Protein chains: 2
Amino acid sequence: MRTVEKALRLLDYYDGQNPEFGLSDLARLSGIDKATVLRMLGDMAATGLVDQDPESRKWRLGAGILRLARLREAAFPVTRVLTPILERLAAETGETAHASLISGRHLGTVGIVESTRSNRVSLEPGQMLPLHATASGLAYGAFARPELRAQLLAAPLPAATATTPTDPHRLAELLDQAARRGYAVADQTYEDEVFGIAMPIFGPDGFATGALAVATPISRMTDTHTAAILAALAPAAREATLGLGGRFPPTQRPAAD
Amino acid sequence: MRTVEKALRLLDYYDGQNPEFGLSDLARLSGIDKATVLRMLGDMAATGLVDQDPESRKWRLGAGILRLARLREAAFPVTRVLTPILERLAAETGETAHASLISGRHLGTVGIVESTRSNRVSLEPGQMLPLHATASGLAYGAFARPELRAQLLAAPLPAATATTPTDPHRLAELLDQAARRGYAVADQTYEDEVFGIAMPIFGPDGFATGALAVATPISRMTDTHTAAILAALAPAAREATLGLGGRFPPTQRPAAD
DNA sequence: ATTCATCGGTTCATTATTTACACCGACGTT
DNA sequence: AACGTCGGTGTAAATAATGAACCGATGAAT
């Protein structure tokens, strides 16, 4: 496989729970030889993408990322646009709202605003969301470039919970349903007790680039609550698309207001 | 040379002025074959580090960076700590203040607060600062891990302006001076008309991890102004070090307050 | 105390991946 | 119509990645 991609995939293991890894940890997780991992980490450290704690010798995300993030935000102010939208969405629904953008083969969470209720869904910052097992992923997949659908259905569909769709036919149904409705739901397909509702965020080409989602504890789900969430989600997703310079595909063009 | 590093160095060409590149641009800049660059970009796109505008086919920084930046900030809140310090420093000095952290072989700018005066130094967000030609670089180099000094003196020292130190002996003098004084100055060594004053930000190991700097138009430089800037810079740099969990080396321990 | 496992890291022969060159069609200028 | 440039592809040659064995250090278990 391509070395550069393998090296960068090492970064996928980092999340809010695991901000640093030892050399052997990463070798074990990735299945790559230690010597190779070490060289990859060395290369990434040389460009500031990771750095090594001189004491514990563990490898962390590096300062170079901040520089890149600043540039990305300057050229394309995603966070600045999404944050207020998420805050409003969380306030209106009383539930945790989050936004994610496509990042390789997964959706990368780029913004989270948690519900203020004590019983709420809590999400890891920076989590990678699988496309087949989350409402965000389905909403994205249903409106992504057509090639993606085939790739998605052909790829392995690991089960995260008992209700994760692992059968390609089932997944195809869910994608079709999301495409028809304009939104996707996920009933505990990724985390037990969590129900997700998501709508796509469209890019300038009229295909999805990410998703905006509301996650609620399963205990609170009722039809009226779902309806309320959708009522708040639709304008928020629309605003997110417009705020990021996206355009709606003809089939999904919302009513002008 | 190592492929991973070469691939990641492509990202160094991005800055505030150049938020996107065509395939051939990057091949030309890097001196790498187009085919190779394309594969590298493909690998980086697969992990979300870059993405390609589907229309113009140009390559931009990707959404995956935001995820990583969030994680980095969560584990190690650099920006949150530095921003208020920079704001205060800019207000007190009336000049542009910026902070940078080591990122591979350069300092990566991670925060800038510009002076409010109309005649001010204006900096590119995300700029990469060479160690030998900037006050920040000298301040960093004078207090970095000892190995760095030899590397720095051995590396090529490209001239950015007429007064850039290009002679290793001269650079060694400047580093010694900075080490003695605890701060570094740069009189138009990187940009004409710009005078920089910088102090190191120390990491947990007592070596520099970055620098805090004030940049002023040469026309405004006087001894009293320099003294005023230093008076504001010293506590700011101290605060930055402490705020990032750093520790001072014995020789640089500031007086307790 | 001694063993044992695991850690981070290095070395080196083998091999598989990267590389560069030529080439492609498409687009814009001259 | 000729030319230059663009993004991208195929291929043979060669370079760079690879992984097993090994090292010293550290820490836990016996």
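Computed from a prediction, not measured in an experiment: that's the story for all the values here. In what follows, chains carry the letters A, B, and so on, assigned in the order in which the sequence lines appear, proteins first and then strands, with residues in each chain numbered from 1. Side chains included, hydrogens not; waters and symmetry mates left out as well; all remaining heavy atoms used.
- The phosphate of C/dC7 (OP1 or OP2) has no side-chain N or O of A/K58 nearer than 4.0 angstrom.
- B/E73 pairs by the side chain to side chain donor-acceptor pair (under 3.5 Å) definition with B/T79, not counting sequence neighbours.
- Taking side-chain N and O atoms only, A/R2 has no distance below 4.0 Å to OP1 or OP2 of C/dT17.
- Taking atom CH2 of B/W59 as the reference point, atom C1' of D/dG8 lies 10 Å away to the nearest angstrom.
- Near DNA chain C, defined here as any heavy-atom distance below 4.0 Å, the residues from residues 20-35 of chain B are B/D33, B/A35, listed numerically.
- Under the rule for a side chain to side chain donor-acceptor pair (under 3.5 Å), A/D33 has no partner lying at least two apart in sequence or in another chain.
- For B/T3 and C/dT19, the shortest distance from a side-chain N or O to OP1 or OP2 is below 4.0 Å.
- One end of the helix from C/dA1-D/dT30 to C/dT30-D/dA1 points its axis 30° away from the other end's axis, with each axis taken from 5 pairs and the angle rounded to 10°.
- Across B/A198 and B/A213, no two heavy atoms sit closer than the pair CB-CB, 3.7 Å.
- Among residues two or more places apart in sequence or in another chain, the side chain to side chain donor-acceptor pair (under 3.5 Å) test is passed with B/T166 by none.
- In terms of heavy-atom proximity, B/L61 sits nearest to B/D51 at O-OD1, 3.8 Å.
- A/M40 places its CE atom 17 Å from the C1' atom of C/dG8, with the value rounded to the nearest Å.
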Scan the side chains in residues 122-131 of chain B for donor-acceptor partners under 3.5 Å anywhere in the protein, sequence neighbours excluded, and list what turns up.
| unit_1 | atom_1 | unit_2 | atom_2 | d |
| --- | --- | --- | --- | --- |
| B/S122 | OG | B/E114 | OE1 | 3.2 |
| B/S122 | OG | B/E114 | OE2 | 2.7 |
| B/E124 | OE2 | B/Q17 | NE2 | 2.7 |

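- For residues 20-78 of chain A, every residue pair satisfying the ring pair (Phe, Tyr, Trp, His ring centres under 6.0 Å) rule, not counting sequence neighbours, is listed here: A/Y14-A/F21.
- Taking atom CD on B/E5 and atom P on C/dT19, their separation rounds to 13 Å, with Å as the unit.
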Only pairs under 3.5 Å count here: list side-chain donor-acceptor contacts from residues 146-159 of chain A, not counting sequence neighbours, and write none if there are none.
| unit_1 | atom_1 | unit_2 | atom_2 | d |
| --- | --- | --- | --- | --- |
| A/R149 | NH1 | A/D176 | OD1 | 3.1 |
| A/R149 | NH2 | A/D176 | OD1 | 3.0 |

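- As a whole-Å value, the separation of B/R57 CZ from C/dC27 C1' is 13 Å.
- For the pair A/L38 CG and C/dC7 P, the computed distance is 14 Å after rounding to whole Å.
- The distance between atom CZ of A/R39 and atom C1' of C/dT18, rounded to the nearest whole Å, is 12 Å.
- The distance between atom CG of B/L41 and atom P of D/dG7, rounded to the nearest whole Å, is 10 Å.
- Comparing C/dG9, D/dT18, C/dT19 by their nearest atom to the side chain of A/T36 picks out D/dT18.
- The separation between A/D43 atom CG and D/dA16 atom P is 12 Å, rounded to whole Å.
- For A/E193, there are no side chain to side chain donor-acceptor pair (under 3.5 Å) partners two or more places apart in sequence or in a different chain.
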